[in-house]
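As a basis for the values below, the full set of heavy atoms in this structure was taken, side chains included, without hydrogen atoms, waters or symmetry mates.
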Amino acid sequence: MSTITTINPATQKDIQTYDIMTEKEATDRIEACHAAFLKWRELTHQERAPYLKTIGQKLRNNADELAALMTSETGKLVNDGHLEIELCAAICDYTAQNGPETLADEERTHGPDGNRGIVSYQPLGVIYSIQPWNFPLYQPIRVLAGNLMAGNGCVLKHASICTGSGLRLRELCIEAGLPEDLFQVIVIDHDTSDKLIAHPKVRGVTLTGSDGAGRHVGAVAATALKKTVLELGSNDAYLVLEDADIETAVKFSVMGRLYNNGQTCVSAKRFIVADKAYDAFVDAFVAQMKGITMGDPTDKDTQLGPLSSQDQFDTVKEQVDASVSKGAKLLCGGEAPDRKGVYYPATVLANLSPGMPAYDDEIFGPVASIIRAKDDEDAMRLANESRYGLGGGIFSRDEEYAIKLARNYFDTGMIRINSFGAADPNMPFGGVKDSGYGREHGGFGMKEFVNVKSIFLP
């Protein structure tokens with residue numbers, strides 16, 4: 001039987017070994033989830049809500065243990081782990097509070113005489129959730145919460161490096177009273193995963209991952225005529241306009257690039273700086289990036305921990321080295337420290353041009369790409385040239401101007417103005433172009449995997 005072993009990226013010590021399930025074992029979990037769904041769907045939205053509230057409370061009650069587990073498996077800063085747990089609990093609370101109204105039947109009319117119609121949002125069944133390692137609890141919770149409220153069951157295939165976090169989440173859900181088979185966590189390989197997508201009891205598939213993974217899963221699901229929600233990678237641009245407040249821009253740019261050790265899909269990655277603001281921004285930004293404290297992720301004073309794995313380290317290093325070999329200028333960082341663990345320093349690259357990984361692609365690590373723009377209009381053009389469109393940001397003293405750019409011209413799903421943040425339960429989350437499609441949070445996620453029924457009355 002094949003196994004996987006989780007490894008602490010800070011110490012490079014083995015944590016735990018898990019058996020990989022056979023196709024039959026995984027299929028049995030799908031069948032069990034479907035059986036549980038048939039009972040769960042009979043509950044009203046109001047009856048489902050308390051389960052979510054209790055799951056949120058369980059997360060809060062076990063925050064120290066969960067944060068430590070996520071840090072050991074992925075190198076996440078322990079402070080960031082606590083923030084993640086609170087976000088998960090807030091999502092559960094939001095869903096419990098707003099779900100019954102969001103998913104309530106709607107009264108409509110139809111026909112020339114205005115006859116009565118009802119629109120009803122009914123659950124589909126088993127939703128297959130394929131999630132990455134960078135937010136070991138948040139990624140599964142944002143799918144689970146909305147789908148439990150909608151009346152669906154959920155089967156999670158988590159990233160192998162955070163298997164322990166996925167399994168512990170399921171335990172806490174069961175402790176909170178959730179029917180044991182309604183939320184399953186399966187440990188499987190990619191071949192088995194593809195077969196599960198085609199399983200007749202799987203009614204929808206959601207993936208967070210790279211655009212390459214999205215193309216593959218989307219194609220497999222489309223062949224089986226399964227609806228998908230894909231939240232994929234990005235190369236988010238943060239625009240520093242001519243009138244930007246440099247102190248504000250630098251503060252949130254450093255925060256946005258280094259959050260979660262630089263391993264966040266919706267984070268500041270490309271900094272497109274108008275020529276008039278370029279020198280002031282770059283000098284201050286590089287100075288702050290040079291001063292970042294890198295170290296043990298369990299130390300509350302650490303600002304930058306290790307990358308999640310040796311593979312991740314190798315990828316980031318190759319992207320930086322390839323960019324430099326093509327003419328990018330290294331303003332700071334770029335040299336891994338001589339220490340145990342897969343640490344990569346806060347790094348800033350400039351003089352970038354198309355054809356370089358730091359210009360074209362997503363670097364999933366603490367590496368900032370600086371791109372000079374002629375003016376504000378040029379900055380907006382450069383931002384939209386990317387094949388991605390998940391998030392982005394604008395720094396400008398003129399808030400109305402920034403809103404106009406964000407609303408009318410920024411070709412991306414989420415825009416931060418003079419700030420940085422990752423997600424909020426009350427605001428939709430998702431992107432366009434190669435960053436995928438579909439939305440989570442803000443009530444939108446609860447309606448992604450439902451049967452929108454039209455009921456016509458005479």
Side-chain angles (χ1 to χ4, degrees), residues 45-46 48-60 63 80-106 121 123 127 129 131 134-135 137-152 154 169 173 176 206 208 229-232 234 236 238 252 255-256 259-260 264-268 389-394 399-400 402-403 406-407 410 412-432 435-450 452:
H45 299 118
Q46 288 81 1
R48 294 172 197 147
Y51 289 89
L52 287 160
K53 290 282 289 184
T54 306
I55 291 170
Q57 194 55 52
K58 279 285 179 185
L59 294 171
R60 290 188 175 103
D80 286 350
H82 279 278
L83 291 173
E84 179 174 343
I85 293 157
E86 182 51 41
L87 174 59
C88 291
I91 290 167
C92 291
D93 291 346
Y94 174 91
T95 308
Q97 181 176 343
N98 294 280
E101 181 179 355
T102 299
L103 293 163
D105 286 357
E106 297 177 15
Y121 300 98
I127 306 305
S129 175
Q131 299 302 326
N134 55 332
F135 292 94
L137 293 177
Y138 163 69
Q139 297 288 170
I141 278 286
R142 78 179 188 193
V143 172
L144 180 65
N147 280 290
L148 288 179
M149 176 51 73
N152 294 319
C154 190
L169 174 60
C173 287
T206 180
T208 298
V229 168
L230 302 178
E231 194 273 276
L232 309 177
S234 193
D236 288 358
Y238 273 60
F252 289 112
M255 185 187 302
Y259 176 61
N260 204 45
T264 306
C265 49
V266 56
S267 68
L390 187 60
I394 300 172
E399 190 174 277
E400 286 305 311
I403 292 171
R407 180 192 289 121
F410 214 153
T412 186
M414 299 170 280
I415 300 103
R416 293 272 178 172
I417 294 174
N418 294 323
S419 63
F420 171 76
D424 185 277
N426 197 36
M427 294 291 282
F429 188 105
V432 294
S435 291
Y437 48 78
R439 291 294 181 271
E440 294 164 316
H441 300 327
F444 294 85
M446 296 184 225
K447 290 182 175 178
E448 285 287 1
F449 293 107
V450 292
V452 184

Practice problem: First locate atom CD of Glu231, then atom CD of Gln139, and finally report the distance between them rounded to the nearest 0.5 Å. | Solution: 6.5 Å
Exercise. Please tell me if the side chains of Phe449 and Thr206 come closer than 4.5 Å, counting only heavy atoms from C-beta onward.
Key: yes
Quiz prompt | Shortest non-hydrogen contact from Thr95 toward Leu52 | solution = CG2-CD1, 3.8 Å
Practice problem: Answer yes or no: does atom CD of Glu399 have more than 12 heavy-atom neighbours from other residues, nucleotides or ligands under 6.0 Å? | Solution: no
Quiz item: Which of these, Ile55, Leu87, Leu148, sits in a side-chain contact (heavy atoms from CB on, under 4.5 Å) with Cys92?
Solution: Ile55
Practice problem: Taking all non-hydrogen atoms of both residues into account, name the closest pair between Pro100 and Gln46 and its distance. | Solution: CB-NE2, 3.7 Å
Practice problem: Mind checking the CD-CD1 spacing from Glu440 to Ile91? Nearest 0.5 Å is all I need. | Solution: 9.0 Å
Which donor-acceptor pairs under 3.5 Å do the side chains of residues 418-425 make with protein atoms, sequence neighbours left out?
from	atom 1	to	atom 2	distance (Å)
Asn418	OD1	Ser396	N	3.0
Asn418	ND2	Ser396	O	2.8
Ser419	OG	Ile417	O	3.3
Asp424	OD1	Asn426	N	2.8

Quiz item: Can you tell me if Asn147 uses its side chain to pair, donor with acceptor, with the backbone of Asn152 under 3.5 Å?
Solution: no
Exercise. Output the distance between atom OG (Ser129) and atom CZ (Arg142), rounded to the nearest 0.5 Å.
Key: 9.0 Å
Exercise. Compare every heavy atom of Ala96 with every heavy atom of Lys53, then report the nearest pair and how far apart it is.
Key: CG-CB, 3.5 Å
Quiz item: Quick one: does Pro428's side chain get under 4.5 Å of Phe444's, heavy atoms only?
Solution: yes
Quiz item: Which of parallel (below 30°), tilted (30 to 60°) and perpendicular (above 60°) describes Tyr138 and His441?
Solution: tilted
Practice problem: Look only at the side chain of Asn260 and the backbone of Asn134, and say whether a donor-acceptor pair between them is shorter than 3.5 Å. | Solution: yes
Quiz item: Just by distance, do the side chain of Arg439 and the backbone of Gly431 share a donor-acceptor pair under 3.5 Å?
Solution: yes
Quiz item: How far apart are the closest heavy atoms of Cys265 and Phe429, and which atoms are they?
Solution: SG-CZ, 4.4 Å
Quiz item: Ile127 and Glu448: side-chain contact (heavy atoms from CB on, under 4.5 Å), yes or no, with the steps?
Solution: CA-CA 11 Å; Ile127 306 305; Glu448 285 287 1; over 6 Å; no
Practice problem: Decide if atom CD of Glu106 counts as having more than 12 heavy atoms of other residues, nucleotides or ligands within a radius under 6.0 Å. | Solution: yes
Exercise. Can you see which heavy atom on Lys447 is nearest to which on Leu103, and at what distance?
Key: CG-CD2, 4.0 Å
Quiz item: Which pair of heavy atoms, one from Ala406 and one from Ile394, lies closest together, and at what distance?
Solution: N-CD1, 3.9 Å
Quiz item: If you measure from CG on Leu232 to OH on Tyr437, what distance do you get to the nearest 0.5 Å?
Solution: 8.0 Å
Quiz item: Quick one: ring pair (Phe, Tyr, Trp, His ring centres under 6.0 Å) partners of Phe252, sequence neighbours excluded?
Solution: none
Quiz item: Does the Arg48 side chain pair with the main chain of Met149, one donor and one acceptor, at a distance under 3.5 Å?
Solution: yes
Quiz item: Do Tyr121 and Thr102 come within less than 4.5 Å of each other through their side chains, counting heavy atoms only?
Solution: no
Practice problem: Run the salt-bridge test on Arg60 and Asp93 with the 4.0 Å N-O cut-off and return the result as yes or no. | Solution: yes
Quiz item: When you measure from the side chain of Thr412 to the backbone N and O of Leu390, does any donor-acceptor pair fall under 3.5 Å?
Solution: yes
